[in-house]
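These figures come from a predicted structure and were not determined experimentally.
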Amino acid sequence: MSDLPRKAVTRTVKLAALPLGIAGRATWGLGKRIGGKSAEIVARELQQRTAEQLFRTLGELKGGAMKFGQALSVFESALPEEVVGPYRAALTKLQEAAPPLPAARVHQVLAERLGEDWRELFEEFEDKPAAAASIGQVHRAVWHDGRQVAVKVQYPGAGEALLSDLKQLGRFAGLLGPLIPGMDMKPLITELRDRVAEELDYELEAEAQRTHADAFDGDEDVLVPDVVYQGDQVLVTEWLEGTPLSEVIADGTQEERDRAGQLLTRFLFSGPARTGLLHADPHPGNFRLIAGPDGRTRLGVLDFGTVDRLPGGWPKPIGRSLRMTLDGDAEGVYGHLCAEGFVKESIELDPDAVLDYLKPIIEPAEADAFTFTRSWLRGQAARIADPRSPAHQLGRQINLPPSYLLIHRVTLSTIGVLCQLGATVRLRDELDAWLPGFPSEG
């Protein structure tokens, strides 16, 4: 593939094949059941075949299709182990790479955006991309002053492709729901569409990255590369060497997993307090483990194209609600959720039932240290997804205010990554340090 397919009809045909394929497999599954196979085995085979087609198509199309795939990939921990195995590699691949633009096309794009003499800006430029993601690809280079840099080039037609893909995916979001138990696809797609304009604007991304680089300058735990140059759909930043989190997930030692998990949690909660921004794309491809000369490992953070603006840091109601839940204050937490719009005025719930619903979710904040595992996340997903369970019935009546949508997705995504790592994390330490309203007054 030499470019993003820019004609809407091309991409629409590819995406339209997904629901047709799902329908065809449903018919195939019915035939299998008539032939004597159990419903459970048939459902498992259907899920595997659907996932294989879905993630293969999303990876080929890049654009909004691949962005949606990356968003889903962090939730693979919630899938049953016997189902996720055959296509975990496909999910992980979406976090790190996509089919790249050929060198000649990249040169043409750089000439259009930086000028015909663009090569004078670099001492060296590697034609083979170091990474290719949803709306652009990254090339390693040496800036004219000798600095090692990453050159991020936006794909031609990326904006049109993003909007077209997500509109098309939204039309059959309900068919994809069974892939991730307990996950409502439609709000995820809607929220991704809302962020398209910001992610396409490299000026906004450069501003967010500079803010983080300044705030974490000299930090012993987190490293953010500085911006070197920002132009029209081209962004040049300092190069960040390190081990991608996806490699730590696949082959890391337990010590590396625990360190990565603690640092990721620390960045999640400290970032808004220190910058007024929340890094809102926490999939493993955006993080690196970097070993320092002193032997201390730091977390390298990439890609600030999607951020949530939290000028006061994390909203205090989140910390207060979490503290009330830990304290078992059913009336208090219910009243607080009602006041913040999580329970609509037309709905009346039992405070004790709400507390019972929340308690298992906040289990990681109760212990001094908590080990995030795939089995724990699968249990949570199954509890909420089962239509027969009280948790499912209550969850359908809880509202998520628009101002909390992105916070909610980022938190869930980060938990998904922690479960992929299998990391033991001292979550409560980070909440005490960075979450307003959470520290006990006692």
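With sequence neighbours excluded, the residues that form a salt bridge (charged side-chain N to carboxylate O under 4.0 Å, His left out) with Arg388 are Asp386. Residues satisfying the side-chain hydrogen bond (donor to acceptor under 3.5 Å, both in side chains) criterion with Asp356, sequence neighbours excluded, are absent altogether. For Ala367, the side chain to side chain contact (heavy atoms under 4.5 Å, CB included) criterion is met by no residue, not counting sequence neighbours. Every residue two or more places apart in sequence or in another chain was checked for a ring pair (Phe, Tyr, Trp, His ring centres under 6.0 Å) with Tyr202, and none qualifies. Take Gln393 and apply the side-chain hydrogen bond (donor to acceptor under 3.5 Å, both in side chains) test, not counting sequence neighbours, and it matches no residue. With sequence neighbours excluded, no residue satisfies side-chain hydrogen bond (donor to acceptor under 3.5 Å, both in side chains) with Arg210.
Taking CG of Leu263 as the reference point, atom CG of Leu299 lies at 5.5 Å (rounded to 0.5 Å). Here the CG atom belonging to Leu421 is positioned 12.5 Å from the OG1 atom belonging to Thr373, to the nearest 0.5 angstrom. Rounded to the nearest 0.5 Å, atoms OG1 (Thr275) and CG (Asp214) are 11.0 Å apart.
Looking at heavy atoms from C-beta onward, Val224 lies in side-chain contact with Gln209 at the 4.5 angstrom threshold. For the pair Leu278/Val410, a side-chain contact is recorded, criterion being any heavy-atom separation below 4.5 Å from C-beta on. Using a 4.5 Å heavy-atom cutoff, the side chains of Pro282 and Phe287 are in contact. Side-chain contact between Glu340 and Pro401: absent, with no pair of heavy atoms (C-beta onward) separated by less than 4.5 Å. For the pair Ile318 and Ile407, the minimum side-chain heavy-atom distance is below 4.5 Å. Leu377 has its side chain out of reach of Arg374: every pair of non-hydrogen atoms, C-beta onward, lies at least 4.5 Å apart. Using a 4.5 Å heavy-atom cutoff, the side chains of Ile249 and Pro284 are in contact. Put simply, the side chain of Gln420 does not reach to within 4.5 Å of the side chain of Leu418, judged on heavy atoms.
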Salt bridge (Lys or Arg N to Asp or Glu O under 4.0 Å) evaluation trace for Arg257 with Asp251: CA-CA 9 Å; Arg257 294 169 183 274; Asp251 301 311; over 6 Å; no
Taking distance alone, no hydrogens or angles, what donor-acceptor pairs closer than 3.5 Å link side-chain atoms of residues 231-240 to residues at least two apart or in another chain?
| residue | atom | partner | partner atom | Å |
| --- | --- | --- | --- | --- |
| Gln233 | OE1 | Arg113 | NE | 3.2 |
| Gln233 | OE1 | Arg113 | NH2 | 2.9 |
| Gln233 | NE2 | Gln154 | OE1 | 3.3 |
| Glu238 | OE1 | Asp226 | N | 3.0 |
| Trp239 | NE1 | Glu241 | OE1 | 3.2 |

Under 3.5 Å, which donor-acceptor pairs link side chains of residues 423-430 to any protein atom two or more places apart or in another chain?
| residue | atom | partner | partner atom | Å |
| --- | --- | --- | --- | --- |
| Thr424 | OG1 | Thr371 | OG1 | 2.7 |
| Arg426 | NE | Asp429 | OD2 | 2.7 |
| Arg428 | NH1 | Glu366 | O | 2.6 |
| Arg428 | NH2 | Asp368 | OD1 | 2.3 |
| Glu430 | OE1 | Arg266 | NE | 3.3 |
| Glu430 | OE2 | Gln262 | NE2 | 2.9 |
| Glu430 | OE2 | Arg266 | NE | 3.0 |
| Glu430 | OE2 | Arg266 | NH2 | 2.9 |

Contacts table for residues 341-349: side-chain donor-acceptor under 3.5 angstrom, sequence neighbours left out:
none

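Among residues at least two apart or in separate chains, ring-ring contact (aromatic ring centres under 6.0 Å, His included) pairs with a member in residues 355-390 are Phe370-Phe372, Phe370-Trp376, Phe372-Trp376. A ring-ring contact (aromatic ring centres under 6.0 Å, His included) check over residues 298-323, counting only residues at least two apart or in different chains, returns the pairs His212-Phe304, Phe269-Trp314, His279-Phe304. For the salt bridge (Lys or Arg N to Asp or Glu O under 4.0 Å) condition, the pairs that include at least one residue of residues 313-338, sequence neighbours left out, are Arg323-Asp327.
Counting only distance, with no hydrogens or angles, the side chain of Arg288 and the backbone of Thr243 share no donor-acceptor pair below 3.5 Å. Arg298 contributes a side-chain N or O that, together with a main-chain N or O of Asp219, makes up a donor-acceptor pair within less than 3.5 Å. A donor-acceptor pair is defined here as one N or O able to donate and one able to accept, closer than 3.5 Å; such a pair exists between the side chain of Arg259 and the backbone of Thr297. Under a 3.5 Å cut-off, the side chain of Glu247 and the backbone N or O of Pro244 do not form any donor-acceptor pair. Gln254 places a side-chain N or O within 3.5 Å of a backbone atom of Gly422 that can act as its donor or acceptor partner.
Of all heavy-atom pairs between Pro225 and Leu302, the closest is CG-CD2, 4.0 Å. Residues His336 and Ser321 approach most closely at CD2-OG, 2.9 Å, considering heavy atoms. Pairing each heavy atom of Ala208 with each of Val307, the nearest pair is CB-CG1, 4.0 Å. Across all their heavy atoms, Ala365 and Leu431 have their closest contact at CB-CD1, 3.7 Å. In terms of heavy-atom proximity, Val248 sits nearest to Leu289 at CG2-CD1, 3.8 Å. Of all heavy-atom pairs between Phe267 and Pro272, the closest is O-CD, 4.4 Å.
Within 6.0 Å of CD on Glu203 lie no more than 12 heavy atoms contributed by other residues, nucleotides or ligands.
The pair Lys152-Asp303 counts as a salt bridge, with a side-chain nitrogen and a carboxylate oxygen less than 4.0 angstrom apart. Ion pair Arg296/Glu220 flagged as a salt bridge, since at least one NZ, NE, NH1 or NH2 atom sits closer than 4.0 Å to an Asp/Glu carboxylate oxygen.
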